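Remarks on the structure that follows.
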Amino acid sequence: MDSILVTGNGPLNGQIPIAGAKNACLTLMPATLLSEEPLTLTNAPRLSDIKTMTALLQSLGAEVSSLQDGQVIAMSSHDLTSQTADYEIVRKMRASNLVLGPLLARFGEAVVSLPGGCAIGARPMDLHVEGLEALGAEIELEDGYLHAKAPGGLKGAVHEMRFASVGATENIVMAATLAKGTTVLKNAAREPEIVDLVECLRKMGAQISGEGTSTIEIQGVDRLHGATHQVVTDRIELGTYMLAPAICGGEVELLGGRMSLVESFAEKLDAAGVDVVQTKDGLKVARKNGRVRSVDVVTEPFPGFPTDLQAQMMALMCTAEGTSVLEERIFENRFMHAPELVRMGANIEVHGGTATVTGVESLKGAPVMATDLRASVSLILAGMAAEGETTVSRVYHLDRGYEHVVRKLEGVGAKIERIKGQ
Ligand code: UD1
């Protein structure tokens, strides 16, 4: 298995291009199932999660081609052959559950294995099921698979989610595009990836309003047509690389970055003493004077502080002046990076969903293990700010969500290399 070797190397300078959003692409790809006509995505990220979704769609009979070195994904669901998402693929990635809504809407039937994904909590599917049932689906759990049926087709309804789940919002919105009548989804998630999905669905002929607010209204149509859509910038990759100059010092411009994608995160960086400015090409982030200050963080649904940046923010707080409290409210069990950071000399105490971090003057390189996608990149950031060498093992987690991480960080002066496994 490959590992990544990082050597602490002082301030960073230069530019990092930010890719299209993994999480947007993973919901845009299943949207192909809603139409007989082709759907083409541009600005797609080159990631193993995208390959997993490609394999899943192909297993359903969709044609999926990767063009222009993977940045363009051309799909057609003209001749689907199956409505079953198999455990062998779904267990690799939770986002596989996003085929449920589209399959059910187009064929009145879907069988989807319960998902796997990052080991960061229970992550059930109840909110997806409740929403689709509100649209008239009958759903049963049998042998680890959700069997969903809507013999007479889905019907629009008013439904309020108990929690603003991102995936459930996406599944319900996609399903409602082909339902009869109007659906009003209340307490919907407001993440930029949902806005991106709706913009694509609208290009396909869907009638939707209210995306980006907590009430989304969908007027069902008989059919959707083909479209071409550019995937929105990855705000989590953006936030991750914004932390690189914050933790190492220096000045880095994140190309394609937009403040509106990372507002609450940028506010925290500002409070910590890191400058963030919008330029014409992206966001410029600089830390020029001394150590950062500690700040407290509570993870929340968008527009709050993203849970997917909590681990990376913790790495920064490990080197801050003072004590910070990080509260994780979205997922239980999402502090698996904390004991690894402690191996590098960090001072962290975890009680339930709260981590208290007292900054140290400098971290020390150590062998550490990646436990999930965002945890793995937090260890790389910590390694870049540490004295000596850090080896991060189990980097397959990283390949799920960060394209060319070594090349991108090397490009701004980090000392980082991938070591091939035996
Ligand atoms: C998406 C993102 C993930 C991010 C998360 C929260 C994708 C592919 N992944 O995941 O990177 O960390 O949003 O911003 O877009 N829940 C239930 N029942 C459900 C569904 C969810 O209890 O039916 C709970 C989950 O266990 C979790 C919380 O709701 O505690 C948030 O989950 P959700 O918003 O659904 O996240 P995902 O869509 O899985």
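Just so it is clear, the model here is predicted, and its values are computed rather than measured. Both counts, for ligands and for their atoms, begin at 1 and track the order of listing.
Residue Tyr241 holds its OH atom at 5.0 Å from CG of Leu409, rounded to the nearest 0.5 Å.
Atom OH of Tyr87 sits in a sparse spot, with 12 or fewer heavy atoms from other residues, nucleotides or ligands closer than 6.0 Å.
A donor-acceptor pair under 3.5 Å is absent between the side-chain atoms of Thr27 and the main chain of Ala24, judged by distance alone. Of the possible polar contacts, none joining the Arg293 side chain to the Ala320 backbone as a donor-acceptor pair under 3.5 Å is found. Formation of a donor-acceptor pair under 3.5 Å by the Thr299 side chain with backbone atoms of Arg329 is found in this model. Gln83 places no side-chain N or O within 3.5 Å of a backbone atom of Glu109 that could act as its donor or acceptor partner.
Contact annotation for Val166 and ligand 1: heavy atoms of both the backbone and the side chain come within less than 4.0 Å of the ligand. Proximity of Asp126 to ligand 1, defined as any heavy-atom pair under 4.0 Å, is shared by backbone and side chain alike. For Glu170, no heavy-atom contact with ligand 1 is shorter than 4.0 Å. Counting heavy atoms closer than 4.0 Å to ligand 1, residue Val129 contributes nothing at all.
Contact atoms of ligand 1 toward Asp308: 3 (C), 4 (C), 11 (O), 12 (O) (distance under 4.0 Å to a heavy atom of the residue). Residue Gly167 approaches ligand 1 through these ligand atoms, each under 4.0 Å from one of its heavy atoms: 35 (O), 38 (O). The ligand atoms of ligand 1 that sit less than 4.0 angstrom from a heavy atom of Arg94 are 20 (C), 21 (C), 39 (O). Within ligand 1, counting atoms from 1 as listed, the ones closer than 4.0 Å to a heavy atom of Phe331 are 5 (C), 12 (O), 27 (C), 30 (O). Annotation for ligand 1: atoms under 4.0 Å from non-hydrogen atoms of Ala95 are 8 (C). When each atom of ligand 1 is checked for a heavy atom of Thr307 under 4.0 Å away, the hits are 6 (C), 12 (O), 14 (O). Listed by number with element, the atoms of ligand 1 under 4.0 angstrom from any heavy atom of Phe163 are 28 (C), 29 (O), 31 (C).
Compare Pro124, Gly131, Pro301, Pro306 by their heavy atoms: the one nearest to atom 20 (C) of ligand 1 is in Pro124.
Evaluation of the ring-ring contact (aromatic ring centres under 6.0 Å, His included) test over residues 294-318, restricted to residues two or more places apart or in two chains, returns Phe265-Phe305.
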Could you pull out all donor-acceptor pairs under 3.5 Å where a side-chain atom in residues 95-106 meets a protein atom, sequence neighbours excluded?
residue	atom	partner	partner atom	Å
Ser96	OG	Met93	O	2.7
Asn97	ND2	Arg94	O	3.2
Arg106	NH1	Leu33	O	2.9
Arg106	NH1	Ser35	O	3.2
Arg106	NH1	Ser77	O	3.1
Arg106	NH2	Ser77	O	2.9

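Considering backbone and side-chain atoms together, Glu332 places no N or O closer than 3.5 Å to any N or O of ligand 1. Distances between N or O atoms of Glu191 and those of ligand 1 include no value under 3.5 Å. Ligand 1 has no nitrogen or oxygen under 3.5 angstrom from a nitrogen or oxygen of Ala164.
Glu37 and His78 share no donor-acceptor pair across their side chains, judged by distance under 3.5 Å alone.
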Verdict with supporting geometry, Gln230 and Thr42, side chain to side chain donor-acceptor pair (under 3.5 Å): CA-CA 5 Å; Gln230 180 178 335; Thr42 61; 4.6 Å; no
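Using a non-hydrogen distance threshold of 4.0 Å, Ala168 does not register as a contact of ligand 1. Assignment of Met125 to the shell around ligand 1 is supported, since a heavy atom sits closer than 4.0 Å.
Minimum heavy-atom separation, Phe335 to Leu326: CZ-O, 3.7 Å.
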